[in-house]
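In what follows, a structure is listed as structure tokens, so that the remarks can point back to it.
Excluded from the calculations below are hydrogen atoms, water molecules and symmetry mates; all remaining heavy atoms, backbone and side chain alike, are included.
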Amino acid sequence: MERIAKQLSLPVSLPADETFESFVAAQNQQLVALLTMISRETPDWSATRSLQFLTSQPLPLINIVGGEGQGKSHLLFALAHRLSARGVSHIYLNCRQLSALESQVLEGLENLSVIALDNMESISQNANWEEAIFDLLNRVTEKRKTIVICSSRQLPANTGFRLPDLESRLQWGTTFTLQRLDDEARKQAVRYRAEQKGLMFSDAALSFVLNHYDRNLKSLMHLLERLDARSLQEQRKISISMIKRELNLD
């Protein structure tokens, strides 16, 4: 237990506004419903009929695959928030940051209820970390009490890992491919996040942003942060003219 406590004290800061409520599911409703159920039923997930498919898999694993800015991290943050609120043991690790840590950070994690590994493609060609993740998955397979949720840009069969056995283990799970949002869903996502910040966007302003800026959702959220700061600085509401100034389109 002492080892688990040490893992849970890792300095991981999750964005407070990236929750299930702020995630626009659109065509990804099945995955969102599944993660929401895990957040509600864990640690007794194996007794829940809708989650028993995980017990029939060689490894209780869910893969979330999608491109940059499609919401993979958002969903893992949302799950972590819900588990934290219920006091359920879990950990979120961004694999992009693992190179700065020792592989011993994974020891004992198989005793947690949920392990979320974000950006799995980041450890590709790193023999030390590929081996460490492989060993962790083997321990989870033996205990069968932990749900592992991985996100990656690549499908499990096309990760480019040097360790074939790790690629094979990832294929033991269930894979969901995130579907891209259409313009209406993007508007909904930006409008919701803006309302959380106390900002108001007109339909005309939102349409202007989508027509003149990167439609990647992550980029849109970064632009929203910039517009929020400019709005405070200029003491004005967000308008098309303000958007033009921020994007140097005047």
Taking all heavy atoms of L109 and all of I115, pick out the closest pair and write down the distance. O-CD1, 3.4 Å
Once you round to the nearest 0.5 Å, how far does CD1 of I123 lie from CG of L163? 9.0 Å
Salt-bridge test for K143 and E110: reply yes if a basic N is under 4.0 Å from a carboxylate O, no otherwise. no
Are there more than 12 heavy atoms of other residues, nucleotides or ligands under 6.0 Å from atom CD of E68? yes
Establish, from distance only, whether the side-chain atoms of H81 and S39 form a donor-acceptor pair under 3.5 Å. no
State, to 0.1 Å, how close Y92 and S73 come at their nearest heavy-atom pair, and which atoms those are. OH-OG, 4.3 Å
Quick one about S22 and D17 (side-chain donor to acceptor, distance below 3.5 Å, no hydrogens or angles considered), yes or no? no
Whether over 12 other heavy atoms sit under 6.0 Å from E184 CD: no
Using the rule given for side chain to side chain contact (heavy atoms under 4.5 Å, CB included), can you reason through R169 versus I133, listing the C-alpha separation, both sets of side-chain angles and the distance that settles it, and then say yes or no? CA-CA 10 Å; R169 287 294 182 278; I133 296 292; over 6 Å; no
Testing the basics here: between T174 and F53, what is the closest heavy-atom pair and its distance to 0.1 Å? OG1-CE1, 3.5 Å
For N94 and D118, which I'm curious about, is there any donor-acceptor pair between the side chains at under 3.5 Å? no
With side chain to side chain contact (heavy atoms under 4.5 Å, CB included) as the criterion, how do T177 and L155 come out once you've worked through the C-alpha distance, each side chain's angles and the decisive distance to 0.1 Å? CA-CA 8 Å; T177 300; L155 289 166; 4.1 Å; yes
Work out which heavy atom in L206 is nearest to a heavy atom in R191; give both atom names and the distance. CD1-NH2, 3.2 Å
Gap separating the CZ atom of F20 from the NE2 atom of H74, nearest 0.5 angstrom: 8.5 Å
Donor-acceptor check, side chain of Q188 to backbone of V24, threshold 3.5 angstrom: yes or no? no
Evaluate L75 against I149 for side chain to side chain contact (heavy atoms under 4.5 Å, CB included), listing each step before the verdict. CA-CA 10 Å; L75 287 173; I149 303 176; over 6 Å; no
L136 versus V148: any side-chain heavy-atom pair under 4.5 Å? no
For I38, does its backbone N or O pair with a side-chain atom of T42 as donor and acceptor, under 3.5 Å? yes
Do you know the tightest heavy-atom contact between N119 and C95? O-CB, 3.3 Å
Group every Ile, Leu, Val, Met, Phe, Trp and Tyr by side-chain heavy-atom contacts under 4.5 Å, then state whether V65 and F176 land in the same group. no
If we ignore hydrogens and angles and just use 3.5 Å, is the side chain of N211 paired with the main-chain N or O of S207 as donor and acceptor? yes
Should L106 and D135 count as side-chain neighbours, where that means a heavy-atom distance under 4.5 Å? no
May I ask you to decide if R236's main-chain N or O and S231's side chain share a donor-acceptor pair within less than 3.5 Å? yes
Answer yes when R82 and E21 have at least one side-chain N-carboxylate O distance shorter than 4.0 Å, and no when they do not. yes
Hey, could you give me the CG/CG distance between L181 and N28, rounded to the nearest 0.5 Å? 7.0 Å
Show your reasoning for whether side chain to side chain contact (heavy atoms under 4.5 Å, CB included) applies to L199 and L227. CA-CA 9 Å; L199 303 173; L227 291 171; 5.8 Å; no
Working to the nearest 0.5 Å, report the span between CZ of R180 and CZ of R186. 7.5 Å
Determine whether a donor-acceptor pair (N or O, by modelled atom type, separation under 3.5 Å) exists between the side chain of R193 and the backbone of M221. no
Is any side-chain N of the basic residue among K187 and D203 closer than 4.0 Å to the acidic one's carboxylate O? no
Can a donor-acceptor pair be found, under 3.5 Å and without considering hydrogens, that links the side chain of N63 to the backbone of L170? yes
Interatomic spacing from CZ in F23 to CD in Q29 - rounded to 0.5 Å: 10.5 Å
How about R230 and R226: do any of their side-chain heavy atoms sit closer than 4.5 Å? no
If you count heavy atoms of other groups shown closer than 6.0 angstrom to CD of Q125, is the number above 12? yes
For the residue pair L98 and S122, establish whether any side-chain heavy-atom pair is separated by less than 4.5 Å. no
So, N126 side chain and W129 main chain: donor-acceptor pair closer than 3.5 Å or not? yes
Nearest heavy-atom approach of A189 to L217 is CB-CD1, 3.9 Å
Heavy-atom donor-acceptor pair, W45 side chain to I147 backbone, under 3.5 Å: no
Donor-acceptor pair, side chain of S113 and main chain of H90, under 3.5 angstrom: no
Check for a donor-acceptor pair, side chain of N111 on one end and backbone N or O of G108 on the other, with a separation under 3.5 Å. yes
When rounded to the nearest 0.5 Å, the distance separating OG of S151 from CD of E121 is 6.5 Å
